[in-house]
Novice: 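Supplied in structure tokens, the structure appears directly below.
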Amino acid sequence: MGLNLRLYYSYMMFLRSTAILGFLFVALVPWSCAWGGTADQDAGTESGIDSNAGSNGSMERAAALVAEVTIYRDGYGVPHIWGGSDESVVFGFAYAQAEDIFWQVEDSYILALGRYSEVHGPRGLNSDLLNRAFEVVPRSREDFPKLDAKARSLCIAFTDGLNYFLAKHPSVRPRLIDHFEPWHVLAFWRQIQLEMSYRYTHLSDSYLPRNNSRIWAQVGSNGWAIAGSRTQSGGTMLFVNPHQPLFGFGQLYEAQLSGTEGRDGKPWNFTGATFPGSPLLTIGRNRYLGWTMTTNEPDIADVWEVRFSDTNDPLAYEYDGAWRRATEWRETIRIKSGQHIREEFYILRKTHHGPVVGKVDETTRLVARISGLYEVVPMRQSLPMMKARSLQEFRDALSLLQLSFMNIVYADIAGNIYYLYGARAPRRDPRFDWSKPVDGSDPRAEWLGVHGLDDLPQVVNPRSGFVQNCNSSPYITTDMGNPSPGEVPPYLVEDANEHKRRALRSLEMLRQMENISLDDLERAAFDTEVYWARHVMPQFLDEFEKVQVDAPEFAAELEPLVEHLKAWDCRVTADSTAATLCEAWYEAIYESDYPGENLKERYAKDPIRRLEALNLAAAKLERLHRTWKVPYGRLHRLQRRPDIADLFALRFDDRGTSLPYLGVYGPMGAILTQYYTPSIHIPLITSQKKRYGVVGTTYMAIYEFGPDGGMGRSVVPFGTSGDPRSTHYFDQAELLAACRMKPIPFTLAEVQAATVLAYHPGEEETIPKSID
């Protein structure tokens, strides 16, 4: 189901009313965000951010890197970047991203620079307000020169690649940024972290950046690592399956990065995926090891109640029996309105804890802080992870704590499998209840440093021969050797009791895996058996016997539905009508709030009402589709829409090109996970009867590690290019619809054999495949 009708419309209305939320933010936090006025200006194209500062130096550096890097494009258009220095690889990666999805790369950086409303109108206001409140732009400008030399040089190389692309493609007209600055990369990381982790504050949905919390809650992943004791080859295997929005900054971009500069002069080679706009890959594999990530719920953010009770000084707040003074400043946010730009003015405030983001009463404000927002530089950790050749080197990289959250699922060529509950988690005084706002005047409520790597739940080489995580508790990672809940502070793991059905289905499957091949793993990656249908639905259907006795007329009406579900094998196929009926019933009786695995209160203890809901679900299908027997593949579809930043802007077309898809609503517990729009039919207003994928598989891969380095296969939901005119705009959708992956060329010889186009950045013609 993914998004039921009520949720879908509430989400649409949420985003449409972002301008109103701006005023709501004002009403709730009059001191921290007070509207001061507006001014209208023309909305015409401007020269961009920072004008062309440093453009000459950028072009000179680019000229030195161009000959050093080659971009190989395979038959699916996937870029394989082969360079000398790390800087040349990052430069080429930026250029390739810009070739394929410049619109999305620029959009992510517009978001990072706190000017989203200037391009997208009022629906960008929440993100811009948080960007300004947490001072993403000024802190990034200030902090960039303080980075280590390597991080600075890679940021410079990445933005040089973007600028070089623009210089070589004058027909590409940026909407706002016509020159990228290296500090923009730091702002990009910080804003992405804000967008994805502000929810850990547990504040009202009204404060969440851009998107409704229910949408971001559906973002998750599946990850498995399988020991050689369970495989035919004796090599370890890894299943990589992040679930992200298929549109906007959260989608994933696939590539290969390879450089001759490495530790001890040895080359490095890594294939995988990352967010558009990132200088390095986030998940994937090298010759020796690989990993994937799944979202977790560590307590990495806190809220303090701060009292501004001095009637003579509105900026004075109570702390440790005395007073401290807050800082206050004014921000101007430009908001697109039709063909014009209006300006709104906001007064923001911060304390030593962090910015003011909410109001309790006339004197008490809520102040938030997110762990690592200013300290984390992901490149410092991701590059050593990509170059690591052993579990120890990989753990050394993880110990830098440059990822604020995320589970890690890992396998390597030496036969190791590993799971880590990753978090940059603050140490805290356990006397406080950190799940709620704490007293900001009490110095004992300060953070006490950060938990080290060894403090975090983890599993190494369990006797069971597998580890998995599907956004579930770290304490059900495997069968033998799970971490103990008593070993970590309770505040650290907020998802300790999350036993999601995707994880339970994964454990079922992994226990049965013996002597498996890579083909077997590929079939498992596309498994569509529904855990709820197998284990829970039969209990509900058994209640039908009581209905036959107590309400025979109703039972006669219900019997065809019950028998249809009883005859189903609980697997989703393109022609399965029982799968569609099962989904419709599930969405009727279960809560739409994530994780969506709890019955609505009115159905929890009433078997008759649950069966009545089945009848109503069938009637709804019949109203929309003229029959309740709707083939799953006819209803559930993949359709790509170009240049879409948010789900709000999506308008699917039942008459347009689309493909059937067998992904299943995550809380029902299938491995092939997908969340869809609902079927909508409002006469004379709108009609979208098919259901279209919006959140789910954004990169799927399987890797096998053996003596020769191993093999891999992958697929993305649509294609490499964001240009509807490209042959690579929708070509991989055909693979996904057919539940197949493509081989991953990895060595230089494999890459060159698969190459259909090879070139240096800026060249218009192909160059020989053999160039290196």
Side-chain angles (χ1 to χ4, degrees), residues 221-241 285 288-294 296 388-396 398-399 406-423 453-488 492-493 495-525 527 531 535 669 671 702-707 710:
S221 303
N222 298 334
W224 305 343
I226 304 167
S229 60
R230 290 181 174 267
T231 69
Q232 283 184 11
S233 68
T236 57
M237 291 184 180
L238 187 68
F239 172 42
V240 178
N241 186 207
R285 62 159 297 177
Y288 306 94
L289 56 84
W291 72 90
T292 188
M293 299 182 187
T294 71
N296 56 357
R389 296 175 185 157
S390 67
L391 177 58
Q392 183 58 56
E393 290 184 8
F394 187 76
R395 281 177 46 83
D396 289 344
L398 292 176
S399 69
M406 287 288 183
N407 296 294
I408 303 288
V409 178
Y410 164 103
D412 69 25
I413 198 170
N416 297 302
I417 59 174
Y418 174 60
Y419 161 78
L420 172 72
Y421 187 87
L453 184 69
D454 291 338
D455 294 341
L456 305 175
Q458 49 198 292
V459 177
V460 182
N461 296 328
R463 285 189 298 148
S464 56
F466 63 82
V467 295
Q468 64 78 38
N469 187 273
C470 301
N471 315 117
S472 45
S473 169
Y475 308 124
I476 60 166
T477 296
T478 188
D479 282 342
M480 294 174 280
N482 283 311
S484 170
E487 295 174 353
V488 299
L492 199 153
V493 182
D495 47 357
N497 298 315
E498 286 288 351
H499 294 187
K500 292 187 174 67
R501 294 191 185 103
R502 280 183 290 115
L504 299 178
R505 175 60 183 149
S506 293
L507 289 168
E508 274 186 344
M509 296 177 66
L510 288 163
R511 289 167 187 145
Q512 297 170 7
M513 289 184 180
E514 297 290 346
N515 198 37
I516 66 166
S517 66
L518 201 62
D519 290 339
D520 295 328
L521 185 57
E522 181 171 348
R523 282 189 289 271
D527 186 79
Y531 188 91
H535 295 279
I671 301 307
I702 52 174
Y703 310 135
E704 182 175 16
F705 297 90

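The structure presented is a predicted model; accordingly, all values stated were derived computationally and were not measured. All values below come from the heavy atoms of this structure, side chains included, with hydrogens, waters and symmetry mates left out.
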Novice: Output every pair passing salt bridge (Lys or Arg N to Asp or Glu O under 4.0 Å) with a member in residues 407-423, not counting sequence neighbours, ordered by first then second residue.
Specialist: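 Matches after skipping sequence neighbours: none remain.
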Novice: Not counting sequence neighbours, which residues clear side-chain contact (heavy atoms from CB on, under 4.5 Å) with Asp495? List them please.
Specialist: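 Per chain and number, Asp495 pairs via side-chain contact (heavy atoms from CB on, under 4.5 Å) with Asn296, Glu297, Tyr421, Pro474, Val493, Glu498.
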Novice: Just to verify, what does Trp224 make a side-chain hydrogen bond (donor to acceptor under 3.5 Å, both in side chains) with, not counting sequence neighbours?
Specialist: Ser506
Novice: List for me each residue that meets side-chain contact (heavy atoms from CB on, under 4.5 Å) alongside Ser233, sequence neighbours excluded, and say none if there are none.
Specialist: Thr231, Glu704
Novice: Any donor-acceptor pair under 3.5 Å linking the side chain of Gln458 with the backbone of Gly422?
Specialist: no
Novice: Would you please name every residue forming a side-chain contact (heavy atoms from CB on, under 4.5 Å) with Arg230, sequence neighbours left out?
Specialist: Ile226, Phe466, Glu514
Novice: Under the side-chain hydrogen bond (donor to acceptor under 3.5 Å, both in side chains) test, which residues partner Asn461, sequence neighbours left out?
Specialist: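 Asn461 satisfies side-chain hydrogen bond (donor to acceptor under 3.5 Å, both in side chains) with Asn416 once adjacent residues are dropped.
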Novice: Run the salt bridge (charged side-chain N to carboxylate O under 4.0 Å, His left out) test against Arg501 and tell me which residues pass, sequence neighbours left out.
Specialist: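 Expected list: none.
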Novice: Just by distance, do the side chain of Lys500 and the backbone of Cys470 share a donor-acceptor pair under 3.5 Å?
Specialist: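 No, Lys500 side chain to Cys470 backbone: no donor-acceptor pair under 3.5 Å.
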Novice: Kindly assign one of parallel, tilted or perpendicular to the pair Phe394 and Tyr410, based on the angle between their ring planes and the thresholds 30° and 60°.
Specialist: tilted
Novice: According to salt bridge (Lys or Arg N to Asp or Glu O under 4.0 Å), does anything in residues 459-473 pair up with another residue at least two apart or in another chain? List the pairs.
Specialist: none
Novice: Provide the full list of salt bridge (Lys or Arg N to Asp or Glu O under 4.0 Å) pairs with a residue in residues 471-481, sequence neighbours left out, each pair given once.
Specialist: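 Counting only pairs at least two positions apart or across chains, the salt bridge (Lys or Arg N to Asp or Glu O under 4.0 Å) contacts touching residues 471-481 are Asp479-Arg511.
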Novice: Applying side-chain hydrogen bond (donor to acceptor under 3.5 Å, both in side chains), can you list everything that pairs with Arg285, at least two apart in sequence or on another chain?
Specialist: none
Novice: Tell me, please, which residues at least two apart from Asp519 pass side-chain contact (heavy atoms from CB on, under 4.5 Å).
Specialist: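 Counting only residues at least two positions away or on another chain, Asp519 forms a side-chain contact (heavy atoms from CB on, under 4.5 Å) with Ser517, Arg523, Arg713.
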Novice: Name all residues meeting the side-chain hydrogen bond (donor to acceptor under 3.5 Å, both in side chains) criterion together with Tyr288; count only those two or more places apart in sequence or in a different chain, and write none if there are none.
Specialist: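 If we apply the side-chain hydrogen bond (donor to acceptor under 3.5 Å, both in side chains) test to Tyr288, skipping adjacent residues, there are no hits.
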